[in-house]
A.B. asks: 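Okay, handing you the structure first.
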Amino acid sequence: MSLLQLYSTVGVSDVAWLVALFVLLYGLVYAGERRGLVLPPGPTPLPLIGNLLNLMGADPHIRMTQMARKFGDVYQVWIGTEKVVVINDIDLAKEALVKNGDDFAGRAPLPTTDLLSNSGMGIAFADYGRGWRTHKKLTHSSLKMFGNGMQQLESRVSEEADWLCSHLSASAGRPLDPYMGLNVVIGNIISRLCLGKRYDPEDPEFKTIVHYNEGLVDTVGKDGLIDVFPLLAKLPNATVRKMKECLDLRNKVLSKNIEEHRATYKDGKIRDLIDTLLKAQAEAVMASGHRALRHLSDDHILITVNDVFGGGMETATTTLRWILLFLVHYPEVQDRIQREMHEVLCANDPVRLCDRERLPYLEATIREVLRMRPVAPLAIPHKTIRDTSVGDYDVPQGTRVMFNLWAIHHDERHWTDPAKFNPDRFLDTKTGQLLRGGSFLPFLAGCRGCLGESMAKAELFLFTARILRDFRLELPAGVSPPSLQGRYGVVMAPDRYSICFRPREEQM
Ligand code: HEM
């Protein structure tokens, strides 16, 4: 039956009722809270789909950046019936994240992140409150303890870098996809912190971890429709099915490790993150009985370990893959880093974290890659926990807020020619030293900022330095450079690529 036929059967007064009902619903959903508030501007939403049509045609971070040119640094869009405020400017982002950090520290649940986090347990997808605070604090202290003022981390990265370099050497200059090697070393650093063990790359459990992580990266936040229309997640659906299979594997691996830790844990001897969390669980139960398990059940522990494992593995591996890719595209940058290292480091000395100050061009290159390809271009959506404001606009309690890192990192008011790869933009032209600040926020900031920022920065520096000390990165003969475009998802990653790692004749 066509729409016209439908109209002819329901009659004029029915149509009038339908229109009135539609206007009422539209008013309730989309315009209900405008009275008395100065809300950010934005495109006019359509019923049910909101501004989805405005967001189509390109990856969400690109469309949202284009919309900022039209509507300003802060605007609102409706994703279905959910209003989202998007912040596109560094000063306004800092106002929201640092100055009014608590106001913006909530998390808005999405069907896929709800599945991943068992309805908001753990850290990354937990709403602002006692549970999130407890887990973030415990994890922070555990990472600090096992990073041991960064010394322990430095020696673990060096050990893994040895493994990585022998893995790259074994390719004997033939084309190699660095994906697996990087996964092994980054995965093992995080595994030692979380599970207290190092995996052989052929270990079936390690392969399962890599497999389910890949599956989760492929599904979480990727099927936009499920997150826009949550009811779809309840229907038979390939994305949800794949996610659930991966989550079953994840739960088996992590539960087994938690049980092994419980069986071997001896009070006072904390070995890793799981022990830290089990100890806190035991103390909380002693102090306030089983009520304590509201925030520290085994399920909560599992999700926190997963957040650190997943958050630490995919982000750092992906950023290193971006770094290697940019270095292949820009051999002159590679040359300059190698010259800088040659001038500063003694032959075959291990690269140390304390060398960072003396290798500003290398640091600037890493920053430039993080600026151009932030692995999370829209970060993780926040939610306001009380009525608040940003810039000249009111933001009511419960509003979903997105920080558009892509727009911030490509802001022409702060960066000349932002689409151009130019590490020098991070250096003082007179002193050659690193410039701080800028329109740059790859780890976000404030109480919700990245938990692994220092660790990630240390890994990026040590691995990049070590690879460039030992190898020259080249394209295989006759192959055109792999794309620098990237695929949008829970992390924005380059397509898989293979390059040649040629041992350098001239060593440091
Ligand atoms: C290059 C590497 C990394 C980048 C670019 C990165 C970036 C980010 C970003 C943008 C956020 C969102 C912050 C927000 O929404 O306010 C975040 C959150 C988070 N990151 Fe990272 N991250 C990296 C590495 C790591 C590592 C190594 C770990 C673990 C050791 C980690 C653990 C986390 C956790 C647990 C959160 C959630 C924090 C919260 O919700 O309170 N990340 N990260």
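We count ligands from 1, going down the list as the structure has it; atoms in each ligand are counted the same way.
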A.B. asks: Regarding Arg107 and the six-membered ring of Trp132, is the cationic atom NZ or CZ under 6.0 Å from the ring centre and inside 45° of its axis?
C.D. replies: no
A.B. asks: Under the ring-ring contact (aromatic ring centres under 6.0 Å, His included) rule, what pairs show up with a residue in residues 357-395, not counting sequence neighbours?
C.D. replies: His382-Phe403
A.B. asks: Which N or O atoms of ligand 1 sit under 3.5 Å from a protein N or O, and how far apart is each pair?
C.D. replies:
unit_1	atom_1	unit_2	atom_2	d
ligand 1	15 (O)	Arg107	NH1	3.1
ligand 1	15 (O)	Arg107	NH2	3.1
ligand 1	15 (O)	His382	NE2	2.9
ligand 1	16 (O)	His382	NE2	2.8
ligand 1	16 (O)	Arg448	O	2.9
ligand 1	40 (O)	Arg107	NH2	2.8
ligand 1	40 (O)	Arg448	NH1	2.7
ligand 1	41 (O)	Trp132	NE1	3.0
ligand 1	41 (O)	Lys136	NZ	2.8

A.B. asks: For a quick check under 3.5 Å, do Asp73 and Asn88 share a side-chain donor-acceptor pair by atom type?
C.D. replies: no
A.B. asks: According to ring-ring contact (aromatic ring centres under 6.0 Å, His included), does anything in residues 440-460 pair up with another residue at least two apart or in another chain? List the pairs.
C.D. replies: His409-Phe440, Phe426-Phe440
A.B. asks: Enumerate the residue pairs fulfilling side chain to side chain donor-acceptor pair (under 3.5 Å) with a member in residues 91-100, sequence neighbours excluded, ordered by first and then second residue.
C.D. replies: none
A.B. asks: So, are Glu160 and Arg156 salt-bridged, with charged N and O less than 4.0 Å apart?
C.D. replies: no
